[in-house]
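A short write-up of the structure that comes next.
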Amino acid sequence: MEQRSVSGVRLVYEFILYYAASIGGTMTIDHSVSYRTHTPTTARHRPRRVTDAPRRRWSHRPKMSPGVRAAARELLLLAVLYVGYTASRLLADDNLRDAAGTAKGLLHIETLLDLDWEHRLNAVFVDHDWLGLFGSYWYASGHYIVTLAVLVWLYARHRQVYRRARTALVAATFAALGCYLLLPTAPPRLLGGFTDVLSLHADVGWWGSEASAPKGMGGATNQLAAFPSMHAGWALWVAIAVAAATGSWLARTLGFAYAATTSLVVIGTANHWALDVIVGGAVVVLAWLAVIGAPAVISRLRRLRLEVTVPSAVPVPGFRLTCHADR
């Protein structure tokens, strides 16, 4: 009985030692019984070395989200457009005599069409000091601020309309640049009988006597870029863009009111002829129509299938012509 108890205790004792030894290392007990654990050598159980740590790929360029990259691309495009707009205006001919002759030709056409409103509107802006001051600030600032604000609004809230609007704006602007280079035209303020309203209020504004350019920067603008009027053209672009983006009656009314006010201001301040305004608006409308109709035209061209008629084959000795019909 006692021998059986000792055997049982020894069995339990050895089992405990074997279990402990299986955890790791080597353990030796009395009675010369030794157990060694098996240390796994596979990559799965091998202790991770420093060289096995995942390598991080460091990039010197900061990562931008797709939205930020798209916005940066659009800003770059508009910046290039503005720089090109300014540079091309400086490349235009500055011969005032020829530009004045073109302006007199426009005035003659307006007289025939009963569109010669320049003298009457200019007199109103000169006689009413507050109106002249309002027109000066409107002409010098609204052209840039409102256009840029609408572009940002379209990009943020109406991305699909933004793409068409941006393309129409770029196309109309480059068309106007072609007119500035090929047909320099003097504005009414550079001819006799008209008053330069912005020059009258230059002491309370940032502009000088050279159009709406800031004081001291008159040489950076082309004063003979009157035909067509992109002040009026861009204002009409704003009205069309707003109407295309929203169904709000109030927003649409404000957009077209802005375009109408800009048209009156550019004529009343003696910076553009009535025909400048009309042609500027026509250029923008044509640009919009081209942008809207372009996808339909491209889609129709893609669906066209050219039918080629093959004449009767002339038999040639040693050759055989085989025709396979498409199924």
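We number each residue from 1, following the sequence as shown.
Considering only heavy atoms from C-beta on, I278 comes within 4.5 Å of L115 through its side chain. Side-chain contact check for P228 versus Y180: some heavy-atom pair is nearer than 4.5 Å. Proximity of T195 to R189: side-chain heavy atoms (C-beta onward) are nowhere separated by under 4.5 Å. Taking 4.5 Å as the limit, every side-chain heavy atom of T102 sits out of range of all side-chain heavy atoms of D98.
G233 and V284 make their closest contact through O-CG2, 3.1 Å (heavy atoms, listed as atom of the first residue, atom of the second, distance). Summarising the geometry of P184 relative to L181, their closest heavy-atom pair is CD-O, 4.2 Å, with the distance given to 0.1 Å. Nearest heavy-atom pair, L96 versus A186, reported as atom, atom and distance to 0.1 Å: CD1-CB, 4.2 Å. Considering every non-hydrogen atom in both P187 and Q223, the closest pair reads CD-O, 3.1 Å. Across every non-hydrogen atom of H201 and D129, the tightest pair is CE1-OD1, 3.0 Å. Between G193 and H119, the shortest heavy-atom distance links the atoms O-CD2, 3.6 Å.
A continuous path of ILVMFWY side-chain contacts below 4.5 Å connects I292 to V150, so both sit in one hydrophobic cluster. Note: the hydrophobic cluster containing V197 also contains W130 (ILVMFWY, side chain heavy atoms under 4.5 Å, direct or indirect links). Cluster annotation: L148 and I240 are assigned to distinct hydrophobic clusters (Ile/Leu/Val/Met/Phe/Trp/Tyr, side-chain heavy-atom contacts under 4.5 Å, transitive). Hydrophobic clustering, with ILVMFWY side chains joined whenever heavy atoms are under 4.5 angstrom apart, keeps L224 apart from L106. By the criterion of side-chain heavy atoms lying less than 4.5 angstrom apart, applied directly or through intervening Ile, Leu, Val, Met, Phe, Trp or Tyr residues, F134 is grouped together with V204 in one hydrophobic cluster.
Environment of NE2 in H128: sparse, with no more than 12 heavy atoms of neighbouring residues, nucleotides or ligands closer than 6.0 Å.
Between D116 atom CG and H108 atom NE2 the span is 11.5 Å, to the nearest 0.5 Å. Going from atom CE of M230 over to atom OG1 of T147 covers 10.5 Å, rounded to the nearest 0.5 Å. Interatomic distance, CZ of F227 versus CG of L182, reported as 11.5 Å (0.5 Å rounding). Distance CZ/F174 to SG/C179: 13.5 Å, rounded to 0.5 Å. Summarising the geometry, atom OG1 belonging to T253 is positioned 4.0 Å from atom CH2 belonging to W249; distances are rounded to the nearest 0.5 Å. The OG atom of S136 sits 7.5 Å away from atom CG of L200, with the distance rounded to the nearest 0.5 Å.
The side chain to side chain contact (heavy atoms under 4.5 Å, CB included) with L121 is formed by just one residue from the set T269, I267, V265; it is I267.
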Tabulate below the donor-acceptor pairs under 3.5 Å that side-chain atoms of residues 161-171 make, not counting sequence neighbours, or state none.
unit_1: Y162; atom_1: OH; unit_2: E74; atom_2: OE1; d: 2.6
unit_1: R163; atom_1: NH1; unit_2: Q160; atom_2: OE1; d: 3.2
unit_1: R166; atom_1: NE; unit_2: E74; atom_2: OE1; d: 3.0
unit_1: R166; atom_1: NH2; unit_2: E74; atom_2: OE2; d: 3.0
unit_1: T167; atom_1: OG1; unit_2: R163; atom_2: O; d: 2.8

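No cation-pi contact links R157 to Y155, judged by a cut-off of 6.0 Å to the six-membered ring centre and 45° from its axis.
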Test side-chain contact (heavy atoms from CB on, under 4.5 Å) applied to V266 and D276, step by step = CA-CA 9 Å; V266 299; D276 296 345; over 6 Å; no
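By the 30° and 60° cut-offs, the orientation of the rings of F194 relative to W273 is perpendicular. The aromatic rings of H231 and Y139 lie parallel to each other, their planes meeting at an angle below 30°, with 60° marking the opposite boundary. Taking the six-membered ring for Trp and thresholds of 30 and 60 degrees, W153 and H158 have ring planes more than 60 degrees apart, a perpendicular arrangement.
Side-chain contact check for T262 and W138: at least one donor-acceptor pair (N or O, by modelled atom type) lies under 3.5 Å.
Side-chain atoms of R252 come within 3.5 Å of backbone N or O of T246 as a donor-acceptor pair. E118 places no side-chain N or O within 3.5 Å of a backbone atom of P188 that could act as its donor or acceptor partner. Looking only at distances, no side-chain donor or acceptor of E110 sits under 3.5 Å from a matching main-chain atom of W117.
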